[in-house]
Amino acid sequence: MEPWSTAELARLVEATPGRCVALVVVRGQGVGLAVDGHRRAVPCADPAGLVAELDRELRPRWVWWDARTTAGELLAADVRVRACWDLAATHRVLFGGRRDDPAAVWAAATGLPEPSPPRREVTLLDWSEPAAYTGAGSGAGTDVGSDAGSADLFTHDGQLRADLAGQDWLADHVRGRADDVLDRAARWAALALRVRAAQDAGLRALPDPRATPRVLPLAVLTAYAESAAALLAVELEHDGLPLDRRAAEQYISGFVGPRLATPAAETAARADRDAAVVDLFRSGSAEGGGRVDLRNPVQVRELLGRIGLHVPDTRSWRLEPFRDSHPGVAAFLDWRKAERIATTYGYGWLDRHVGADGRLRGTWAASDGAAGRMTAGAGLHNLPAGLRVAVAAEPGHVLVRADLGQIEPRVLAVVSGDAALARAARADDLYAPVAAQLHCDRPTAKVAVLAAMYGQTSGTAGAALRRMERAYPRAIGYLRAAEEAGLVGRDIRTHGGRLIRLRPGEGDSGEGSDDLVDPLAADAPPGSRPSDRARRHGHGRFARNAVVQGAAAEFFKAWAAAVRTGLRPFGGRIVLCLHDELLLHVPAEHTDAAAALLTSALESTAAFWASGSSVRFVADVSVVARWSEAK
DNA sequence: TTCCCAACGTA
DNA sequence: CGTACGTTGGGAAT
């Protein structure tokens with residue numbers, strides 16, 4: 001097949017609204033491209049290099065099935081593209097849920113029922129699997145054949161084959177030349193383009209919630225931001241967080257001593273730490289009791305009972321008041337802290353997750369949470385504050401950190417359209433005007449706002465809450481409506497358009513038979529099984545929270561996407577996303593530009609996301625050598 | 001081996 | 001003052 005001339009491609013891209021070009025990368029062989037009804041297989045020894053060149057010259061929005069596959073391939077060659085449309089990420093916005101594999105994405109985009117989940121691995125028992133695997137694909141009256149030659153990608157009922165995740169399959173079953181693989185890649189790209197069009201239409205069909213809508217519907221902008229976040233997640237995983245290993249080891253050794261040479265020595269040291277605590281409990285009373293396992297909460301409770309301390313559980317905050325009542329309690333609390341470091345953030349953790357290049361790497365997901373927050377593994381989202389001293393800029397670089405101030409109440413002001421709360425959100429400190437409005441002090445106002453957003457159960461801020469209702473009726477009404485949806489199991493959408501599934505559905509955690517009496521319930525100890533009412537109540541609170549937390553996550557990702565783009569010219573990188581906080585690793589000579597970018601990106605994000613509202617968004621920006629230096 | 005719970009870290 | 005997440009170890013169920 002003839003390579004596409006760049007000029008020809010450029011003409012097509014110019015004529016395509018959104019400049020969307022579907023891309024499938026086949027390492028070492030070439031790319032499959034699709035633009036506006038055309039598709040082409042392009043043989044090329046260095047596909048990533050070609051993509052980089054096209055990205056510079058055409059500035060397209062690359063459409064791919066998912067960033068992990070395609071962007072991962074590019075990133076392996078250190079190629080980072082400007083913009084993308086991620087079908088998996090957009091699918092999650094439109095349809096919620098957990099599934100985002102190609103089969104599920106295709107089915108949702110074409111109105112088919114959700115297909116059965118992909119098999120973990122093919123076993124001998126799969127021999128009975130239908131004609132799908134033979135490539136016979138009858139097509140059965142659907143229009144799937146319209147992409148000529150794609151029938152082998154589908155099952156008889158028009159579903160995309162469940163085993164097409166990733167792209168190893170591209171080379172499977174093709175016993176011919178490289179051309180065949182690339183042809184397949186081109187068809188795969190063409191299919192992606194069709195799904196994008198369907199997703200685009202779906203997004204545009206959603207009502208734009210903004211006071212003053214713009215040319216691009218907010219839901220489309222959400223798709224852009226979520227796609228960028230999916231790409232960013234792959235980059236974060238690739239780049240890692242710069243970590244000063246020495247500083248980390250020093251922190252760890254402060255709790256558990258120096259690194260030991262052998263596992264046996266580790267075990268012995270651990271046993272010594274245990275024994276030191278247990279001995280303190282034994283010292284007074286003669287009776288020895290059996291062995292005590294400090295890691296077993298039941299046994300710890302018994303141990304505490306023996307010194308006359310009777311507690312419902314052994315959580316640290318509950319024991320802390322009794323720290324001075326018995327030397328054993330203090331020792332145990334310190335032991336807990338050390339044990340946490342030893343097991344979760346100890347030397348083993350360093351060895352597992354910090355590379356030879358001093359980068360801490362974990363897996364990232366762009367919208368794993370039920371409300372669409374980013375998630376990260378390897379402890380990246382729950383590093384003990386004390387370990388921040390080990391997160392350090394490399395030579396010639398600085399860390400530029402920014403966190404959004406009071407993001408959730410500000411987001412509530414936008415999404416609810418509450419004029420009074422929006423007025424309060426013009427202040428640097430939102431809680432000050434709220435306190436004035438409610439005729440209470442600032443701490444009370446803060447508790448009242450948080451209680452309203454998250455559905456307080458134990459009522460201390462009751463009076464302030466009632467005044468909240470009078471002062472900010474639309475905000476409270478918005479939250480109540482979400483809670484109601486949760487109670488009755490009705491799906492809702494966030495401000496940006498993400499579907500939050502609340503229907504007591506099949507897919508999730510197996511709570512199908514709501515009203516039926518569970519025969520096992522009689523055996524269950526009383527209170528162990530949450531009542532139907534309690535569960536619904538939980539769903540109500542979840543929904544109340546999800547519309548705020550979810551919208552805040554969308555706003556954050558839109559901000560992060562703008563920062564990522566702005567950072568490209570001077571080689572800075574986002575190295576950590578923490579729900580409302582960004583950490584950048586920047587060449588020192590571009591410090592000021594990066595700091596300015598964080599603010600300007602925030603303004604441009606607010607301008608489209610909260611357009612027509614007077615809500616102000618604020619970020620606290622600081623430049624540091626170590627994360628711990630940021631306030 | 002799989003799953004749930006307690007516990008604790010972060011926002 | 002609640003929600004969300006990831007990680008660990010123990011123990012029960014399988």
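For the numbers below, each heavy atom of this structure counts, side chains included, while hydrogens, waters and symmetry mates do not. Remember, predicted model here, so these are calculated numbers, not experimental data. The chains referred to below are lettered A, B, ... by the order of the sequence lines, with proteins before strands, and numbering in each begins at 1.
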Just the atom pairs and distances: protein N or O near nucleotides 11-14 of chain C's N or O, under 3.5 Å.
unit_1 : atom_1 : unit_2   : atom_2 : d
C/dG11 : OP1    : A/Asn296 : ND2    : 2.4

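- When distances are taken from the side chain of A/Thr344 to each of B/dA7, C/dG9, C/dT8, the shortest belongs to C/dT8.
- Distance A/Ile341 CD1 to C/dT7 P: 16 Å, rounded to the nearest Å.
- Scanning residues 574-583 of chain A for heavy-atom distances under 4.0 Å to DNA chain B yields A/Leu578, A/His579, A/Asp580.
- The only member of A/Arg541, A/Arg544, A/His539 that meets side-chain hydrogen bond (donor to acceptor under 3.5 Å, both in side chains) when paired with A/Glu483 is A/Arg544.
- Close to C/dT8, at under 4.0 Å from its OP1 or OP2, lies a side-chain N or O of A/Arg352.
- Atom P of nucleotide C/dG9 and atom CH2 of A/Trp349 are separated by 15 Å, given to the nearest angstrom.
- When distances run from any side-chain atom of A/Phe542 to the nucleotides C/dT8, C/dT3, B/dT10, the shortest one goes to C/dT3.
- Backbone-only contact: A/Ala378 has heavy atoms under 4.0 Å from sugar-phosphate atoms and none from a base.
- For the pair A/Arg541 and C/dT3, the criterion of a side-chain N or O lying under 4.0 Å from OP1 or OP2 is met.
- Atom CG in A/Leu236 sits roughly 16 Å away from atom P in C/dG6 (whole-Å rounding).
- In this structure, A/Leu404 atom CG and B/dT10 atom P are separated by 19 Å, rounded to whole Å.
- Taking the side chain to side chain donor-acceptor pair (under 3.5 Å) definition, one finds that A/Asp428 meets it with A/Arg616, sequence neighbours left out.
- Of the charged side-chain nitrogens involved, at least one lies within less than 4.0 Å of a carboxylate oxygen, so that A/Asp351 and A/Arg259 count as a salt-bridged pair.
- Rounded to a whole Å, the CG atom of A/Leu450 is 15 Å from the C1' atom of C/dA4.
- One interatomic measurement links the two molecules: CH2 of A/Trp335 to P of B/dC8, which rounds to 10 Å at whole-angstrom precision.
- Contact annotation for A/Asp313: backbone-only contact, meaning every heavy-atom pair under 4.0 Å involves sugar-phosphate atoms and none involves a base.
- Salt-bridge formation is detected for the pair A/Asp620/A/Arg401: a Lys NZ or Arg NE/NH1/NH2 atom is positioned less than 4.0 Å from an Asp or Glu carboxylate oxygen.
- Using a 4.0 Å cut-off between a side-chain N of Lys or Arg and a carboxylate O of Asp or Glu, A/Arg359 and A/Asp239 do not qualify as a salt bridge.
- Between the side chains of A/Trp559 and A/Glu603, no donor N or O sits under 3.5 Å from an acceptor N or O.
- At distances below 3.5 Å, not a single donor-acceptor pair connects side-chain atoms of A/Asp491 with backbone N or O atoms of A/Leu499.
- Residue-level contact check: A/Arg340 touches the bases, meaning some heavy atom is under 4.0 Å from a base atom.
- Salt-bridge annotation for A/Asp244 and A/Arg626: present, with a side-chain N of the basic residue lying under 4.0 Å from a carboxylate O of the acidic one.
- Judged purely by atom type and a 3.5 angstrom limit, A/Lys557 uses its side chain to pair as donor or acceptor with the backbone of A/Ala366.
- In this model, the phosphate group of C/dA4 is not approached by any side-chain N or O of A/Arg373 to a distance below 4.0 Å at OP1 or OP2.
- Residue-level contact check: A/Arg301 touches neither bases nor backbone, having no heavy atom under 4.0 Å from any strand.
- The side chain of A/Val447 lies closest to C/dC1, out of C/dC1, C/dC5, B/dT10.
- Using a 4.0 Å heavy-atom criterion, one finds that A/Leu380 contacts no nucleic acid atom at all.
- Comparing C/dT8, C/dA4, B/dA7 against the side chain of A/Arg336 picks out B/dA7 as the nearest.
- Remark: A/Thr314 is in phosphate contact with B/dA7, judged by side-chain N or O atoms under 4.0 Å from OP1 or OP2.
- Screening A/Arg340, A/Arg323, A/Arg273 against A/Asp334 for a salt bridge (charged side-chain N to carboxylate O under 4.0 Å, His left out) leaves a single residue, A/Arg323.
- Counting to the nearest Å, the C1' atom of C/dG6 and the CH2 atom of A/Trp364 are 12 Å from each other.
- C/dT3 atom P lies 12 Å from atom NE2 of A/His539, rounded to whole Å.
- Defined by atom type and a distance below 3.5 Å, a donor-acceptor pair is present between the side-chain atoms of A/Thr494 and A/Glu554.
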